Every structure is written in C-alpha cells, then in structure tokens.
Amino acid sequence: NTDWMLEQASKSFNRDGKSVVFGHFIQSKKRYEKQKFKDMPNPLRVLLRSSIPFRPHDQVPIELIRTVDNFGINYKKLARSSSHHGFFSMNPDNDGVVRHYQLFHSIYENIIPSLSLKMIEKYWNSSAVIEKLNSGMLMLSMDGRIKYDLAVPSTGKVRLNFNGTQNSYKTVSLADVLDESKSIKYMYKQSVENKFEATKDEIFKDAIVLVGATAIGIFDVRNTPKQV
C-alpha cells in the first residue's frame with residue numbers, strides 16, 4: 001500500500017525534524033464567495049496550517065489575488081501526517097503553453113502558498129510574509145536561514161524561468177528507493193535509455209525530493225516553451 005508507506009515515512013520525517021510538504025488541487029471561481037471559518041469544510045482546516053501572513057492584515061487585496069473556493073487533498077491520513085501543504089495546480093496561457101506560475105492564492109481571506117513556495121520556505125528554514133507596497137505590488141519576504149525578498153504583481157502570478165526540458169533533475173523510481181539495495185539507478189538530462197547509478201546517500205543528501213506519478217497514461221502533462 002503506497003499511501004500507507006508514504007504516511008509512515010512522513011511521520012518518521014516529522015519526528016526527525018525534517019519537513020514534508022503535501023500537494024493539493026485547487027479550482028477557482030470568478031466571483032469570490034465569502035464564508036466564515038466555522039463553515040469551512042474540515043479538510044480546509046488542514047490546508048490553512050500553511051497559510052502565509054499578510055501585512056497589513058486588514059488590506060489583503062482579495063479582489064486582485066486569484067481566489068479559489070474548491071480544492072482536493074490527497075489521502076486524508078497522508079495529508080494530516082504533515083503540517084505543511086501547498087497547491088500544485090497550474091494554468092496554461094491562452095495558447096496552451098505554461099509560462100507563468102501562481103505563487104499563492106487567496107481562499108476565505110487567507111493566503112495559501114503553492115507547493116514550490118512552501119517547499120523552499122521549509123528547505124531554507126524560513127518564514128514567508130507578504131506585504132503590500134505603495135506601488136500596488138506585493139513583497140514576498142523570506143526571513144530565516146536565508147533572507148530573500150521578491151517583488152510580485154498583486155495577482156500573485158510570476159513568469160517562469162525554466163531550467164530545461166524533461167529530466168532536468170534526477171529522477172528515480174519509488175520501487176528502487178524502497179528496495180534494500182544501497183545503490184540506485186536514476187535518469188538525468190538525456191539519460192532515458194542509459195541510466196546513471198549512485199548510492200542512495202549520494203542522491204538524497206541535502207536534497208529536495210518530489211514524490212509523484214510520472215506515467216504518461218494519466219495525461220498529467222504540460223506544454224512549456226522548452227518542450228511540447
């Protein structure tokens with residue numbers, strides 16, 4: 001049972017002081033529908049653990065930041081095994097190509113982060129804060145082991161700077177990870193046919209690890225300026 005194994009791994013990582021961030025789907029509506037916290041669906045209480053503070057608190061530009069009112073979390077026990085969550089939904093441009101990325105959304109007057117934003121926040125051991133600037137822009141600040149400031153349009157959407165095509169990062173099979181062998185084969189760059197090999201410690205030391213399905217049959221693919 002893969003879900004059960006991931007749940008146990010998540011609990012183990014949390015006990016060891018390591019961070020696990022779970023992803024979820026979101027959907028948006030053109031009209032924002034206000035709803036009190038007590039009326040929210042129970043899964044949302046889990047997601048709001050990862051909400052980002054906004055300053056000043058009473059000036060969240062709800063009318064500008066893309067709003068959502070529907071979402072889907074992974075296996076409930078799996079989601080509840082971690083306090084950190086982020087959405088991974090992506091919307092292409094009008095021509096079907098993904099060039100932009102929503103760093104955060106607003107939901108029920110809370111700011112929820114994308115999976116990428118939450119991952120880098122935890123990897124840097126930082127705390128993200130969003131502030132409203134006089135220019136109308138937003139300032140996303142990270143304050144922790146690494147300090148970082150990024151000016152963001154009030155919509156929360158930024159242009160992507162793609163690192164490359166498919167397999168620009170090392171890719172390994174979950175079955176190989178769970179195998180008792182100390183070494184592991186992985187794909188990288190143009191190594192689809194000829195895989196590289198290294199020890200598991202070499203692969204995962206100080207790394208950000210994304211766990212997800214890659215089968216072409218699930219049709220979870222996106223066109224990018226680098227690869228279609």
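Heads up: numbering here begins at 1 and tracks the sequence. Values in this document were obtained by computation on a predicted structure and should not be read as measured data.
When the side chains of ILVMFWY residues are joined at heavy-atom separations under 4.5 Å, either directly or via intervening members, V158 and V129 end up in two distinct hydrophobic clusters. Both V98 and Y101 sit in one connected hydrophobic cluster of ILVMFWY residues. Membership requires side-chain heavy atoms under 4.5 Å apart, directly or through other members.
Distance check: N125 CG to D143 CG gives 11.0 Å after rounding to the nearest 0.5 Å. Interatomic distance, CD1 of I112 versus NE2 of H105, reported as 7.0 Å (0.5 Å rounding). Here OG of S114 is found 13.0 Å from NZ of K157. Values are rounded to the nearest 0.5 Å. The OG1 atom of T155 sits 9.0 Å away from the NE2 atom of H100 when rounded to the nearest 0.5 Å. Considering NE2 of H85 and OG of S50, their distance stands at 5.5 Å, rounded to 0.5 Å.
A donor-acceptor pair is defined here as one N or O able to donate and one able to accept, closer than 3.5 Å; no such pair exists between the side chain of K170 and the backbone of F204. A distance-only check finds a donor-acceptor pair linking the side chain of K200 to the backbone of V177 [under 3.5 Å]. Between the Q102 side chain and the N91 main chain, no donor and acceptor come within less than 3.5 Å of each other. Listed for the D179 side chain is a donor-acceptor partner under 3.5 Å among the backbone atoms of S181.
Ring centroid separation for the pair H24 and F88 does not come in under the 6.0 Å cut-off.
Residues I52 and L117 are in side-chain contact: their nearest non-hydrogen atoms beyond the backbone lie under 4.5 Å apart. The side-chain heavy atoms of L160 and R99, taken from C-beta on, include no pair separated by under 4.5 Å. When side chains are defined from C-beta on, K132 counts as touching F54, because their heavy atoms get closer than 4.5 Å. At least one side-chain heavy atom of P225 sits less than 4.5 Å from a side-chain heavy atom of V97. At least one side-chain heavy atom of V152 sits under 4.5 Å from a side-chain heavy atom of F104. At a threshold of 4.5 Å between non-hydrogen side-chain atoms, the residues H84 and F22 do not count as touching. Residues V209 and M119 have side chains not in contact (no heavy-atom distance under 4.5 Å, counting atoms from C-beta outward). Two residues are said to be in side-chain contact when any heavy atoms from C-beta on lie closer than 4.5 Å; Y186 and I203 meet this criterion.
The two residues G86 and V21 have their closest heavy-atom pair at N-CG1, 4.1 Å. Between A128 and L140 the shortest heavy-atom distance is CB-CD1, 4.2 Å.
Other residues, nucleotides and ligands place no more than 12 heavy atoms under 6.0 Å from the NZ atom of K185.
In the model, E121 has no side-chain atom that pairs as donor or acceptor with a side-chain atom of S126 under 3.5 Å.
Residue pairs meeting the ring-ring contact (aromatic ring centres under 6.0 Å, His included) criterion with at least one member in residues 135-160, sequence neighbours excluded, are W124-Y148. The list of ring-ring contact (aromatic ring centres under 6.0 Å, His included) pairs with a residue in residues 155-181, not counting sequence neighbours, is empty.
D201 has no carboxylate O lying under 4.0 Å from a charged side-chain N of K205, or vice versa, which leaves the two without a salt bridge.
When hydrophobic side chains of Ile, Leu, Val, Met, Phe, Trp and Tyr are connected at separations under 4.5 Å, M139 ends up clustered with L133, M137.
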Might you work through the side chain to side chain contact (heavy atoms under 4.5 Å, CB included) test for S51 and I111, ending with a clear yes or no?
CA-CA 5 Å; S51 61; I111 306 299; 5.8 Å; no
May I have the step-by-step check of side chain to side chain donor-acceptor pair (under 3.5 Å) for S141 and D149, ending in yes or no?
CA-CA 4 Å; S141 300; D149 293 325; 2.9 Å; yes
